[in-house]
6 protein chains.
Amino acid sequence: MKRLLITGAAGGLGQMMRSRLSHMAETIRLSDLAEMAPAGPGEEVVQANLADEAAVHDLVAGCDGIVHFGGVSVEQPFDPICDANIRGVYNLYEAARAHGHPRIVFATSNHVVGYHTQDRHLGVEDPMKPDGLYGVSKCFGEAMASMYHSKFGQETALVRIGSCFPEPRNHRMMATWFSPDDFVSLIECVFRAPRLGCPIIWGVSDNEESWWDNSAARYLGWRPRDSSARFRDKVEAGNTRPEPDAPDAVYQGGAFTAEPIHRD
Amino acid sequence: MKRLLITGAAGGLGQMMRSRLSHMAETIRLSDLAEMAPAGPGEEVVQANLADEAAVHDLVAGCDGIVHFGGVSVEQPFDPICDANIRGVYNLYEAARAHGHPRIVFATSNHVVGYHTQDRHLGVEDPMKPDGLYGVSKCFGEAMASMYHSKFGQETALVRIGSCFPEPRNHRMMATWFSPDDFVSLIECVFRAPRLGCPIIWGVSDNEESWWDNSAARYLGWRPRDSSARFRDKVEAGNTRPEPDAPDAVYQGGAFTAEPIHRD
Amino acid sequence: MKRLLITGAAGGLGQMMRSRLSHMAETIRLSDLAEMAPAGPGEEVVQANLADEAAVHDLVAGCDGIVHFGGVSVEQPFDPICDANIRGVYNLYEAARAHGHPRIVFATSNHVVGYHTQDRHLGVEDPMKPDGLYGVSKCFGEAMASMYHSKFGQETALVRIGSCFPEPRNHRMMATWFSPDDFVSLIECVFRAPRLGCPIIWGVSDNEESWWDNSAARYLGWRPRDSSARFRDKVEAGNTRPEPDAPDAVYQGGAFTAEPIHRD
Amino acid sequence: MKRLLITGAAGGLGQMMRSRLSHMAETIRLSDLAEMAPAGPGEEVVQANLADEAAVHDLVAGCDGIVHFGGVSVEQPFDPICDANIRGVYNLYEAARAHGHPRIVFATSNHVVGYHTQDRHLGVEDPMKPDGLYGVSKCFGEAMASMYHSKFGQETALVRIGSCFPEPRNHRMMATWFSPDDFVSLIECVFRAPRLGCPIIWGVSDNEESWWDNSAARYLGWRPRDSSARFRDKVEAGNTRPEPDAPDAVYQGGAFTAEPIHRD
Amino acid sequence: MKRLLITGAAGGLGQMMRSRLSHMAETIRLSDLAEMAPAGPGEEVVQANLADEAAVHDLVAGCDGIVHFGGVSVEQPFDPICDANIRGVYNLYEAARAHGHPRIVFATSNHVVGYHTQDRHLGVEDPMKPDGLYGVSKCFGEAMASMYHSKFGQETALVRIGSCFPEPRNHRMMATWFSPDDFVSLIECVFRAPRLGCPIIWGVSDNEESWWDNSAARYLGWRPRDSSARFRDKVEAGNTRPEPDAPDAVYQGGAFTAEPIHRD
Amino acid sequence: MKRLLITGAAGGLGQMMRSRLSHMAETIRLSDLAEMAPAGPGEEVVQANLADEAAVHDLVAGCDGIVHFGGVSVEQPFDPICDANIRGVYNLYEAARAHGHPRIVFATSNHVVGYHTQDRHLGVEDPMKPDGLYGVSKCFGEAMASMYHSKFGQETALVRIGSCFPEPRNHRMMATWFSPDDFVSLIECVFRAPRLGCPIIWGVSDNEESWWDNSAARYLGWRPRDSSARFRDKVEAGNTRPEPDAPDAVYQGGAFTAEPIHRD
């Protein structure tokens, strides 16, 4: 690729992936609402608000690929979620439509199915059960991507990210951990595939504990290589095992299901 | 019921149902953004904007049931859809949470599955394929209802309305027609059921042409009685039969799939 | 048929069906642990304990059909359930094996799936979720019938009875009511079919509220004709509507799910 | 329609339908390998061999609809089946491709699933299990129709005919009977539908005994009105009830499963 | 764990696992109807009859985990099966209810599905088809565990054991072999999981021949490591290959399907 | 085996497998319509036309296994396909019936499902969607094998071959590649299994890109060992990546879907 846009580059996920994706394009355009580290070689840094339609069109212009990490990624009040994850997503897809339909990796979330219990092995066609306003906003994003695919042929990889951190941090993440390296190899597959379509992909490593079935996306040729198993002792040592009725043991969305609606 | 709120009372659907639902409660509170006919006996008329949080809380206070027809019901630019169908729905559910969780009939739409082809017989767990910004906003509404049910026990009947008019108007509506009388009997069942939950229900009469399977909601005891068949001759006489590749013959969402994104 | 055995003839179901099945055979042999009304024309009355192997063999000898209503039909301590519904069933199938494999109508129960929620539309292959010792004993009976069919070709109609009474008595029975006339027509179909096999059949009338899908048994040609709907006003008038979280509104097994284990 | 071609017009099915379909087009072109009754008003009679490519092209030219009853319809040696049902079908689809893709009603058969047991409730996507060379040839025909639809958009209604006779003749036909009137109304639906596609439709009336699920074709709006039930007494009186292990009681294809390969 | 109860400790399976599970708890309490080897360090040995309710309560008291291998594990007459596998299971679950609901590993069996043919790839929700009185008694045990889970929250791992021996002994065991080491790692997972629920788990190693799908239990994080493949040559050398129609080649339950009912 | 027949031995596949299968039997009988390399040790070479019934019977006589690679394997006019793949298959199964039902490996093709899109993960029970006359002829072959299995117990492994070449040659073959070694190990499993039945098996290696689910055939114990991944760089270097709308990127059958009907 000539130029790859990465939104949300100042966030945890964005920072972790910024260096790992540098080989994907001649130029990496990095964007966030917040300040970012200055541009290195082969990088462009553009501060922008996803809710600002013109700014988003400027961001997307000239890019032949988008990795969309931007937006709110935890429970927050409705207003910021609506600005970034609803209006921002509309702006992004309109900008992509205006600028040649660059392929999009869209960071959606396991919290679109957060109220499913952990003993269910979910496929991508199982009904959504979002676990908060954040999860609902990601359902909206998936619906928007589907519509732009049906109507305009816009291709998107809807990656329902489990827990993308350097290591799993608690018992629930033994099942949801998504190693940054596995995410990188997934992004490589997405941009390598002759035809992408608009698949939903569980963003998760090959952990022993597993809730999600990725067979529907096997046409892309992606196979995760990491497993949370090598961190098992550390996780067991550093965390109290959750009680059987704790949200972290019952629901796929874990503690998000116990969050209130944030009023401000 | 003591008081039933009907939103969207000035719209086509609202006007048609206003008189038909008068027996459902001692008082019917009617609301819309637009002006409505003055209150008759047992009616209250309250003009309100769904995007106005305080106004929506006032609307809901004191009601023990809600029939939510309000919001945009066709393709429009993103701003009015976002105000009414996104922000408005958030306001409605927050108001319901603040005021004792009155049971809600939510008018969602066949346009959440509009890009499925007409030769598919869909169940309620089949993936959504919205056919425009309107359809995407209804996906959002369904996700919101699901989340408030999981988190707070809020009960909603998600009625995916086909085509609710006095008569079917074209060939496609031979399959999608939902007679106003059948809608009334469905609303009666929803408020009569000891437990509602948060079911998705296809809002459609017992037409000979059928795309949708309502068996998942049969626990409510609703059975449509009308059929579009008695209007067949009139529909055939008044309409040119669509070509096999016309949107009205290919997609469940019909002509909505051919709508552009409305920019203003 | 020459002789039809009806067990459990002194119970509520047995008494209700005794007269209605008189046309099914030249002789009706009636049996129960308890005393029964004396034999009328074309009847034989034999008091017997299902736990008594020899007695059961005597009962079955000479019969070319069996309608098995016998055994415990409510929650009771383990001992009587084990005697009648475990040991008794073993005795019955051994007797049938010894005496020419007469076709059996076996009264099993909705309580084998009692912990499924009422918003699930169950097929006969969905997993069992019994709601008490009684329900567990009926799971055992279904397993026994399956095994004798696989191993010896013994044919059984496993009728999971909903609520077989002259009228539905409460809100839950609006869904579970099984009219005695519909049960009779089912039994006629069972003995009329050229080949029965070992089907599971939901014993329920054509009620508007419906939880169960009988399509797997449609090869038998049975169609229920009655509906609980004509008793709706009476049921509503005579019963308080259950709260949404009451066992009668949540679970298919209703109040059985709230029963303790009976220790004596 | 201007001109409707009916092949196999000299056969049992063809004769029965000849008069019943006269209202479908201004001209009915009737064809068979065998001699037919002379043309009446609005009829053309053309004797032709389906294995003769040129003859088939002549038959199809000028027709805007085809009802294909032609070919072998019972177990026969391979040669006649290959000529009429393999080569003949290729000729028919090539002719349709050359002459504007007239919509086709193709008489396929329950014998494509004849080795499924009668206790299975089949949908149209269940695997085929043909019961003889005839059934295999019909599998070929369905595959050919599917391919011409995928590659050229040729529309076909694949009607898997049960037993199309004036009355059911034995116990098995209580389930498979397809009244001529129901077949007519199906053909009307096929030519009336704005878009047909290439559906598989079970050709069977609304009998009490039922093995087949037609929900996948409900988009066409066809509902059978007849039932074999009114002939039950006559069938029971005129036929010995099959033994439970007789092919007529075990397999959907009945006695066809007991046919040998006909060597000449 | 403080104390783990292992029932059936004198049996083949019990002896094999006795040493392998010593690390699971400070104290291992071993029990059987038969005499066992004397207690070693960290062991308690208690002879007891599962049919004796008081004895079973004594066994369970003070344990925080149970591995239930006890009971009859082959075809036997009904009386011993009823005592150990029916009454014994009731006694066990009542004892667990009385003593704090220790987590249970319950040794159920592939013989609950023994009449399924070997060419079926079964999930845990496929219908049971027991192959004898023993299999029927295990269906009862699974139903009992399900009911105690629904009613009281009692957690059980229902392990449908294939063939747990040091090595596979015949062709059928190439598919059913369950290495003792894999069983140990499964038991470790069961007691390690924050929440167990009441899953059905196929007790089988990662053999090349496979009939059973364990994806429904992948949330537990168990992955078998052994395979019967390394014994293939030995099995082929030591056994005649079964004929295609031999029970060992046709049915998942193998020779059990050919067992008669044992009358004494 | 004493004698194994390999048909189509002069073709690409046949030549590749000729040497690799020499260990399977004391004598390998090689046959083709075309001339073949002369017989080596343990080989018999017999030129024969599959359309010649007597010749096929002679071929099959004395063989206890058949690997059927013979027939047309690309799009051709109807006549040669009918001779070799329709009549030839009938001749083969009749010959097998006359000569003791030797087990058959039948080379069917992914082109029976060629019009399914590449984003579908197909099981063996998904409907066929052939992509040309060749694919239709293979649907016929599968139907014939199924019928001979149901009627006569003839066992066949229906191997739907992906792309069996020494190396994958283009992007599509990254998913469809079937290494000759994996094919050999599959054939070994087929002849080793105590009972084969009539399974459909996807003939494909363990490639990262995957469209097909072989779990239904796991009872045979076959596990492919090769993967196309090691040729990825070479394939990418030697081929232009297909456009997203190219047949090679859209359909499982790839370029076959773009083939016309060959008229001569």
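Each chain gets a letter, A, B and so on, in the order its sequence line appears, and its residues count up from 1. Any value given below was found using the heavy atoms of this structure, including those in side chains, with hydrogens, waters and symmetry copies removed. Note that the structure is a prediction, hence the values are computed from the model and not measured.
Looking at D/Phe256, only its backbone comes within 4.5 Å of chain F, counting heavy atoms on both sides. Contacts between D/Thr257 and chain F at a heavy-atom distance below 4.5 Å involve the backbone alone (N, CA, C, O). Neither the backbone nor the side chain of F/Ile200 comes within contact range of chain D, judged by heavy atoms closer than 4.5 Å. Contact of D/Tyr251 with chain F is not made at all, since no heavy-atom distance falls under 4.5 Å.
Between F/Met147 and D/Lys129 there is no side-chain heavy-atom pair separated by less than 4.5 Å. F/Glu125 places none of its side-chain heavy atoms less than 4.5 Å from the side chain of D/Glu125. Contact annotation: the side chain of F/Ile86 never approaches that of D/Tyr90 to less than 4.5 Å [non-hydrogen atoms, C-beta and beyond]. You'll find the side chain of F/Pro130 reaches within 4.5 Å of the side chain of D/Ser146, heavy atoms only. Using a 4.5 Å heavy-atom cutoff, the side chains of F/Ile261 and D/Tyr148 are in contact. With a 4.5 Å cut-off on side-chain heavy atoms, D/Phe78 and F/Asn91 do not count as touching.
Ionic pairing of F/Arg263 and D/Glu94 is present here: one or more N-O contacts between side-chain nitrogen and carboxylate oxygen are shorter than 4.0 angstrom.
Contact count against chain F (heavy-atom pairs under 4.5 Å) is highest for D/Ser150 among D/Ser150, D/Cys82, D/Gly141. When the candidates D/Pro127, D/Gly114, D/Cys198 are compared by the number of heavy-atom contacts under 4.5 Å with chain F, D/Pro127 comes out ahead.
Taking both residues in full, the closest heavy atoms of D/Lys151 and F/Glu259 are given as NZ-O, 2.7 Å, listed atom of the first, atom of the second, then distance.
By the 6.0 Å contact criterion, CD on F/Gln47 is enclosed, its count of non-hydrogen atoms from other residues, nucleotides or ligands being greater than 12.
Using a 30° and 60° split on the angle between ring planes, D/Phe140 and F/Phe140 fall in the perpendicular class, above 60°.
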